[in-house]
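Chain identifiers are assigned alphabetically (A, B, ...) following the order of the sequence lines, protein sequences preceding nucleic acid strands; residue numbering begins at 1 within each chain. Here the structure is a predicted model, which means the values were calculated and not measured. Quick note: numbers below take in every heavy atom, side chains included, and nothing from hydrogens, waters or symmetry partners.
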Amino acid sequence: MTDTSELVAQLADRVQLLEDKLAIMHIISAYGPAVDSGSAEAVAGLWTEDGVYDVDTGSMSGRAEIESMVRSSNHQSYIHGGCAHLVGPPHIAIDGDTAVATCHSQLVLRDTETGANRVARITANRWEFARLNGEWKVTLRTNRLLDGRAEARDILAAGVTATV
Amino acid sequence: MTDTSELVAQLADRVQLLEDKLAIMHIISAYGPAVDSGSAEAVAGLWTEDGVYDVDTGSMSGRAEIESMVRSSNHQSYIHGGCAHLVGPPHIAIDGDTAVATCHSQLVLRDTETGANRVARITANRWEFARLNGEWKVTLRTNRLLDGRAEARDILAAGVTATV
Amino acid sequence: MTDTSELVAQLADRVQLLEDKLAIMHIISAYGPAVDSGSAEAVAGLWTEDGVYDVDTGSMSGRAEIESMVRSSNHQSYIHGGCAHLVGPPHIAIDGDTAVATCHSQLVLRDTETGANRVARITANRWEFARLNGEWKVTLRTNRLLDGRAEARDILAAGVTATV
């Protein structure tokens with residue numbers, strides 16, 4: 001192998017890693033717009049077929065359950081009254097064909113009586129990904145309320161101590 | 001063409017796309033700091049000469065109108081009382097020399113009497129870009145309040161269903 | 001030098017710059033998860049040994065003082081009551097082995113009596129970085145409250161006018 005072709009092979013690996021990081025950002029940045037527009041299939045399509053979305057109030061397994069959440073009367077009342085699921089910039093660690101992203105999210109809800117917005121939830125997020133057939137998908141997203149519970153702090157700590 | 005030079009050409013295309021995505025992020029991440037510091041020319045300079053900023057309360061056409069908004073007594077009272085225009089991580093789709101980015105924004109305002117902050121607005125954002133003379137600029141930004149109106153959900157849905 | 005090897009050298013520089021930008025994002029996106037989980041060493045490790053964290057209420061010099069802030073009873077009461085240090089997407093300017101990133105942050109605190117969240121602080125952030133032994137570290141982070149004071153606007157203006 002010549003020096004140039006070796007350098008090109010190394011560059012290709014570095015570019016692939018950059019693309020992987022932007023692909024993870026692309027998925028996470030789709031969640032808020034998809035869920036706040038009631039795009040149930042687009043939300044569920046971020047996960048693998050049997051992906052899990054584990055939130056404080058229960059766990060959804062597979063795309064059908066995630067779609068049901070988006071179509072639920074509870075979620076529909078949020079989006080028709082005014083809401084924003086704000087997901088912060090993720091801290092990403094990629095390891096071959098799997099990845100973990102750690103971030104915060106906020107749920108802002110509008111009070112339909114007064115028109116005032118309030119921060120209804122602040123949440124610790126852990127997103128786990130796998131690359132399947134060349135495409136990144138969420139295998140497990142775990143959300144825990146930042147209300148003082150240790151579980152939420154544990155999620156955040158795990159995301160940074162492994163990679164800083 | 002040798003194998004190596006072909007691979008290099010492909011790599012150059014992939015690097016260009018990564019650069020384009022970061023350039024779009026760079027523009028969007030400038031908006032909040034520019035507008036909250038009253039940097040009227042820096043705000044307007046994110047747009048093309050005849051770019052449009054379409055918000056619920058009206059539409060600004062061209063840089064002069066965007067600068068006027070920043071210099072308006074209304075906006076000046078926000079920034080001198082305390083405010084934050086928080087723009088979330090964008091979901092970006094690039095197609096050659098045009099691009100669309102979809103995200104949320106929040107306006108947090110400080111009450112100058114009590115010193116308390118409130119989330120005055122939650123907003124759906126659609127940013128349209130064009131590459132002109134090698135530089136990305138905003139051609140149209142459309143903001144709609146997330147207060148239950150269908151238009152805001154439509155903006156968010158369009159941004160994710162086209163690209164997920 | 002052949003045309004191909006020249007092109008490869010140019011590509012390598014472009015890839016390096018992209019990696020640098022993502023490295024800066026990686027550090028900034030670690031702050032919130034680290035500080036909200038009380039990971040004192042992970043927080044302090046984002047800075048250089050003698051790095052400075054300058055906030056409205058005072059300035060911390062060196063990692064030991066930053067760790068002390070995380071371990072302080074004040075900060076511990078925040079994280080055990082429920083809080084989120086939300087850091088927005090940074091606007092990044094890299095110049096060789098130094099970099100500046102400008103963004104907003106928000107502190108959301110949960111009221112332990114009522115369970116309600118409030119936006120306790122909105123803040124202008126300036127992060128200065130240096131590359132040391134191939135690794136980016138924070139040399140100075142300056143935070144100023146967006147409560148109308150000119151200093152906060154100055155921080156934001158400096159970050160965008162230099163790079164737009």
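Residue pairs meeting the side chain to side chain donor-acceptor pair (under 3.5 Å) criterion with at least one member in residues 38-47 of chain C, sequence neighbours excluded: C:Ser37-C:Ser39.
Of the two parts of B:Leu22, only the side chain, counted from C-beta on, holds a non-hydrogen atom closer than 4.5 Å to a non-hydrogen atom of chain C.
Listed options C:Asp147, C:Leu146, C:Leu145, C:Asn125 were ranked by heavy-atom pairs under 4.5 angstrom with chain B; first place goes to C:Asp147.
The stretch residues 104-124 of chain C places C:His104, C:Gln106, C:Val119, C:Ala120, C:Arg121, C:Ile122 near chain B, each with some heavy atom under 4.5 Å from a heavy atom of that chain. Applying a 4.5 Å heavy-atom cutoff, none of the residues of residues 52-65 of chain B approach chain C.
When all heavy atoms of B:Ala30 and C:Val160 are compared, the pair lying nearest together is O-CG1, 3.6 Å. Counting all heavy atoms, side chain and backbone alike, C:Met25 lies closest to B:Met25 at CE-SD, 3.9 Å.
To the nearest 0.5 Å, the span separating OG1 on B:Thr4 from CG on C:Leu7 amounts to 12.0 Å. Going from atom CZ of C:Arg14 over to atom CG of B:Leu11 covers 10.5 Å, rounded to the nearest 0.5 Å.
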Report, one line per pair, each donor and acceptor closer than 3.5 Å where one atom sits in a side chain of residues 78-89 of chain B; sequence neighbours left out.
| residue | atom | partner | partner atom | Å |
| --- | --- | --- | --- | --- |
| B:His80 | ND1 | B:Gln76 | O | 2.9 |
| B:His80 | NE2 | C:Arg153 | NH2 | 3.3 |
| B:His85 | ND1 | B:Asp36 | OD1 | 2.6 |

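Within 6.0 Å of CG on B:Asp95 lie no more than 12 heavy atoms contributed by other residues, nucleotides or ligands.
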